Amino acid sequence: MVVTRPARARDYARLLEWVPDAPALYLFAGPSVTWPPTVAQFEEISRRPGLSAWMVAHDEYPAAWGHFDLTVGGASARLGRVIVDPRYRGQGLGHVLTRAVIEKARELGVDEVRLAVVADNEPAVRAYRRAGFTEFVDPERPQFTAMTYRLLERP
Ligand SMILES: CC(C)(COP(=O)(O)OP(=O)(O)OC[C@H]1O[C@@H](n2cnc3c(N)ncnc32)[C@H](O)[C@@H]1OP(=O)(O)O)[C@@H](O)C(=O)NCCC(=O)NCCS
């Protein structure tokens with residue numbers, strides 16, 4: 001069973017081991033965190049208005065293997081800081097995590113989830129597409145692929 005629980009400071013201490021260098025940090029967190037990443041930077045992000053940060057775990061894995069956060073503003077939430085433990089990438093967990101994102105957004109009561117992903121981050125774009133996110137044009141941020149998921153469209 002997939003479990004989504006609030007992220008805590010000690011999760012970030014472990015999560016930082018998943019980020020080997022500045023390019024990997026940028027894929028994960030964009031410009032929101034600067035190299036070298038620290039737990040304090042993530043704690044500061046977690047205090048942003050409307051933001052909730054989550055760890056994703058699964059019976060078959062010894063510890064939580066994924067992280068994301070959602071920032072609610074009005075009827076929409078912005079997805080950020082998505083990562084899967086590098087030991088387990090390429091096994092479909094990106095897809096599992098994206099489904100957990102949608103469930104959490106539903107619990108938070110929003111109509112839409114938006115995100116911006118570095119344009120050539122193929123595993124991320126593919127995982128989002130597979131979960132039902134669609135691309136839209138954001139002319140202000142051409143270096144990112146903007147994507148949206150409408151929760152109201154569930155059958
Ligand atoms: C992006 C990320 C969360 C995806 O997690 P994952 O467990 O590797 O993803 P999955 O195994 O579910 O694979 C997702 C898709 O990417 C594809 N994929 C996996 N590894 C790939 C690679 N190295 N190159 C290209 N495509 C790849 C898979 O085939 C799958 O596509 P499909 O659904 O069309 O078959 C993970 O790679 C990660 O943590 N990356 C570093 C941080 C990051 O980039 N975060 C995104 C911020 S927006």
Side-chain angles (χ1 to χ4, degrees), residues 1-8 10-39 41-42 44-46 48 50-73 76-105 108 110 112-151:
M1 195 180 85
V2 177
V3 175
T4 305
R5 61 156 177 84
R8 298 182 279 262
R10 70 166 179 273
D11 293 313
Y12 288 108
R14 207 162 59 82
L15 189 150
L16 294 183
E17 294 170 13
W18 303 350
V19 185
D21 51 31
L25 179 66
Y26 191 75
L27 280 184
F28 163 43
S32 67
V33 181
T34 51
W35 187 263
T38 61
V39 172
Q41 288 187 78
F42 285 95
E44 199 177 322
I45 288 171
S46 73
R48 289 182 184 172
L51 186 143
S52 56
W54 305 94
M55 299 301 295
V56 188
H58 203 246
D59 299 347
E60 291 158 38
Y61 296 84
W65 47 259
H67 171 276
F68 65 92
D69 63 46
L70 285 166
T71 305
V72 175
S76 156
R78 184 163 198 88
L79 175 62
R81 290 158 286 273
V82 168
I83 193 165
V84 165
D85 182 332
R87 289 174 295 174
Y88 307 131
R89 286 182 196 159
Q91 302 175 11
L93 291 182
H95 183 56
V96 174
L97 185 146
T98 312
R99 284 207 313 265
V101 166
I102 292 166
E103 279 317 302
K104 186 53 67 183
L108 292 171
V110 295
E112 181 190 23
V113 180
R114 286 190 171 209
L115 62 86
V117 51
V118 175
D120 61 0
N121 188 350
E122 203 178 326
V125 172
R126 289 177 75 104
Y128 299 138
R129 268 197 206 125
R130 192 164 160 197
F133 280 79
T134 54
E135 285 148 67
F136 69 95
V137 177
D138 183 353
E140 287 178 15
R141 306 176 83 195
Q143 71 278 37
F144 293 100
T145 296
M147 301 183 90
T148 179
Y149 182 94
R150 302 281 314 174
L151 282 91

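Remember, it's 1-based here, ligands and their atoms both numbered in the order they're listed. This is a predicted model, so every value here is computed, not measured. When reading the values below, keep in mind they use all heavy atoms of this one structure, side chains included, and skip hydrogens, waters and symmetry mates.
- The protein non-hydrogen atom at the shortest distance from atom 45 (N) of ligand 1 is Val82 O, 2.7 Å.
- Within the 4.0 Å cut-off (strictly below), a protein heavy atom is located near atom 39 (O) of ligand 1.
- Contact annotation for Asn121 and ligand 1: only side-chain heavy atoms (C-beta onward) come within less than 4.0 Å of the ligand.
- When only interatomic distances are considered, the shortest N/O to N/O separation between Ala116 and ligand 1 does not fall below 3.5 Å.
- Judged purely by distance below 3.5 Å, without hydrogens or angles, the side chains of Glu135 and Thr145 never pair a donor atom with an acceptor atom.
- For atom 11 (O) of ligand 1, the closest non-hydrogen atom of the protein is Gly92 N, 2.7 Å.
- Protein heavy atoms all stay at least 4.0 Å away from atom 2 (C) of ligand 1.
- Within ligand 1, counting atoms from 1 as listed, the ones closer than 4.0 Å to a heavy atom of Val117 are 48 (S).
- Between Val117 and Ala124, the closest heavy-atom pair is CG2-CB, 3.7 Å.
- Contact detail for Leu25 and Val33: the closest heavy-atom pair is CD2-O, 3.6 Å.
- Here the closest heavy-atom approach between residue Ile102 and residue Ala131 is recorded as CD1-O, 3.7 Å.
- Remark: Arg78 CZ to Thr148 OG1 distance equals 10.0 Å, nearest 0.5 Å.
- Residue-to-ligand polar distances place Gly90 within reach of ligand 1: an N/O pair is separated by less than 3.5 Å.
- With respect to atom 28 (C) of ligand 1, the closest heavy atom belonging to the protein is Arg126 NE, 4.4 Å.
- For ligand 1, the polar-atom distance check against Val84 finds a nitrogen or oxygen pair separated by under 3.5 Å.
- Given atom 37 (O) of ligand 1, the protein heavy atom at minimum distance is Arg89 CD, 3.4 Å.
- Using a 4.0 Å heavy-atom cutoff, Tyr128 is listed among the residues neighbouring ligand 1.
- Between Gln91 and ligand 1, an N or O atom pair is found at a separation short of 3.5 Å.
- Here the side chains of Asp85 and His67 are not in contact, with every heavy-atom distance at 4.5 Å or above.
- Looking at Phe68 against ligand 1, nothing comes within 4.0 Å, counting heavy atoms.
- Taking only nitrogen or oxygen atoms, main chain and side chain alike, Gly94 reaches within less than 3.5 Å of ligand 1.
- Of the possible polar contacts, one joining the Arg14 side chain to the Ala64 backbone as a donor-acceptor pair under 3.5 Å is found.
- Taking CG from Leu93 and OH from Tyr88, the interatomic distance works out to 9.0 Å, rounded to the nearest 0.5 Å.
- Taking every heavy atom of Ile83 and a limit of under 4.0 angstrom, the matching atoms of ligand 1 come to 39 (O).
- Nearest-residue assignment for atom 16 (O) of ligand 1 (options Ala124, Pro86, Gly80, Pro123; heavy-atom criterion): Pro123.
- Among all non-hydrogen protein atoms, the one lying nearest atom 47 (C) of ligand 1 is Leu27 O, 3.2 Å.
- The closest side-chain heavy-atom distance from Gln41 to Thr34 is below 4.5 Å.
- Using modelled atom types and a 3.5 Å distance limit, the side chains of Thr71 and Arg48 yield no donor-acceptor pair.
- The proximity of Arg130 to ligand 1, defined as any non-hydrogen pair under 4.0 Å, is limited to the side chain.
- A salt bridge does not link Asp138 with Arg114: none of the charged nitrogens is closer than 4.0 Å to a carboxylate oxygen.
- Looking at Leu97 and Trp65, their side chains come closer than 4.5 Å, going by heavy atoms from C-beta outward.
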